[in-house]
Amino acid sequence: MSGPHPSVAAARNAVRALLAELEPARGVLVACSGGADSLALAAATAFVAPRAGRAAGAVVVDHALQAGSAEVAARAADQCRGLGLEARVVRVDVDIALGGPEGAARAARYAALEAASREAGDAVVLLGHTLDDQAETVLLRLARGSGARSLAGMPRRRGVFARPFLHLERARLREVVDAVGLTPWEDPTNAVDGPARRADGGPLPRSAIRGRVLPALTEALGPGVPASLARSADLLREDADALDAFAADLLSTARGEDGSLDVEILAAAPPAVRRRALRRAALDAGSPAGDLAHVHVEALDALVTGYHGQAGVDLPGGRRAVRACGRLTL
Ligand SMILES: Nc1ncnc2c1ncn2[C@@H]1O[C@H](COP(=O)(O)OP(=O)(O)OP(=O)(O)O)[C@@H](O)[C@H]1O
């Protein structure tokens with residue numbers, strides 16, 4: 001008897017490895033868009049979870065932003081049910097005034113998935129991100145000028161979310177859905193020539209990276225480019241973790257009983273560690289992470305190393321940093 005298709009076996013092994021990391025009684029929910037990657041994830045999970053004694057279900061989020069989205073969601077849920085997963089569709093209200101349609105849809109989707117996890121007794125939500133998604137993320141962030149933490153890409157696990165397919169290529173997951181006989185939905189917004197455009201008429205950044213940049217890099221440098229980019233992300237994640245740990249140490253050494261920071265101690269630290277410590281201090285003081293930008297950290301750093309009597313620095317969230325008597329107060 002022949003075994004499963006090699007890509008089906010690889011997908012199952014990936015899910016099996018992830019389940020083995022979880023607490024014994026914890027269930028899982030597949031976040032399924034109906035696309036090839038998350039349908040492959042549903043298929044692998046439906047096979048592996050019952051054999052590993054885990055409860056497994058699926059959640060499809062309907063963003064209700066495109067005509068026909070309810071049908072796409074219903075179809076994805078039906079395919080998950082056909083695999084043996086209990087599946088439900090959650091319709092969300094996306095406020096596109098918040099961060100544009102893509103960002104607002106993502107925020108609404110993650111909030112809905114977290115709520116579904118809570119309702120399922122803190123189940124782990126499995127996402128279908130692939131090695132190619134990781135490579136695209138790294139390239140996008142590189143092009144925007146990011147630091148190590150951001151170039152570290154998407155983590156395998158964070159909070160209730162897990163990404164068991166981060167080391168598998170998208171092409172392999174396409175083979176999985178073909179082998180299992182599922183019909184994935186092709187999102188037109190993913191196509192580089194698709195209808196979704198930037199304000200200046202160009203393709204959306206991720207679509208351009210996916211449809212033009214990575215294929216060109218792969219043609220020029222060889223087929224290993226996405227895997228190399230993903231490896232860079234893994235290496236940078238280790239670096240960023242180490243730098244964050246040094247920054248936390250620096251902050252606790254520099255902090256006095258009143259919470260203010262000793263400027264001399266900060267100034268003696270390497271810039272990469274000091275800037276991380278200053279960013280952490282601003283977050284601790286209540287500046288929201290999403291609004292705290294590079295310019296704010298630079299301005300805080302100037303209070304430490306380039307002080308010439310300048311006034312304080314205004315930070316997001318109505319906070320203000322001032323320097324007085326060799327101490328920084330946020
Ligand atoms: N509408 C949705 N409902 C539930 N989960 C979703 C939805 N959209 C995305 N996800 C989850 O997030 C992951 C990554 O989403 P992304 O938008 O990058 O992928 P996609 O292009 O929609 O399709 P695919 O399902 O092929 O990954 C998906 O694999 C899936 O696990």
Side-chain angles (χ1 to χ4, degrees), residues 11 14-15 18 28-46 56-66 68-80 83 85 87-94 101-117 120 123-140 153-166 168-178 180 182-192 194 196 204-207 209-211 214:
V15 173
L18 194 277
V28 290
L29 284 174
V30 176
C32 186
S33 66
D37 307 336
S38 54
L39 271 185
L41 182 58
T45 305
V59 182
V60 183
V61 178
D62 175 8
H63 301 101
L65 288 174
Q66 293 170 15
S69 71
E71 287 73 34
V72 171
R75 214 177 124 59
D78 278 344
Q79 297 203 75
C80 290
L83 291 162
L85 294 174
R88 68 186 178 108
V89 174
V90 180
R91 196 190 138 121
V92 294
D93 285 321
V94 179
E102 276 185 278
R106 187 178 308 111
R109 174 163 77 245
Y110 279 88
L113 292 171
E114 279 182 333
S117 155
V124 170
V125 177
L126 305 182
L127 300 166
H129 292 106
T130 64
L131 183 139
D132 300 82
D133 291 316
Q134 185 73 303
E136 290 160 15
T137 301
V138 173
L139 272 182
L140 261 179
M154 297 175 281
R156 176 171 162 82
R157 290 191 60 190
R158 178 158 59 203
V160 296
F161 296 102
R163 299 182 172 91
F165 285 172
L166 272 184
L168 291 179
E169 284 119 2
R170 190 175 291 138
R172 302 205 71 181
L173 300 170
R174 169 61 60 161
E175 288 173 2
V176 172
V177 288
D178 289 347
V180 180
L182 297 166
T183 314
W185 175 67
E186 311 285 351
D187 184 350
T189 57
N190 283 343
V192 68
L204 296 177
R206 185 173 288 273
S207 309
I209 296 271
R210 185 178 293 188
L214 260 181

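Note that ligands are numbered from 1 as they come in the structure, with each ligand's atoms numbered from 1 the same way.
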Does the Gln79 side chain pair with the main chain of Gly34, one donor and one acceptor, at a distance under 3.5 Å? no
Please tell me if the side chains of Leu173 and Leu39 come closer than 4.5 Å, counting only heavy atoms from C-beta onward. no
Give, for atom CG of Leu41 and atom CG of Leu126, the distance between the pair rounded to the nearest 0.5 Å. 5.5 Å
Heavy-atom contacts under 4.0 Å to ligand 1, chain-then-number order, include exactly Ala31, Cys32, Ser33, Gly35, Ala36, Asp37, Ser38, Val59, Val60, Val61, His63, Arg109, Leu127, Gly128, His129, Asn190
Do Val59 and Val90 make a side-chain contact, defined as non-hydrogen atoms from C-beta onward lying under 4.5 Å apart? yes
Can you list, pair by pair, the side-chain donor-acceptor contacts under 3.5 Å of residues 106-116, counting residues two or more places apart and other chains?
| residue | atom | partner | partner atom | Å |
| --- | --- | --- | --- | --- |
| Arg109 | NH1 | His63 | NE2 | 3.3 |

Min side-chain heavy-atom separation Glu169-Thr130 under 4.5 Å: no
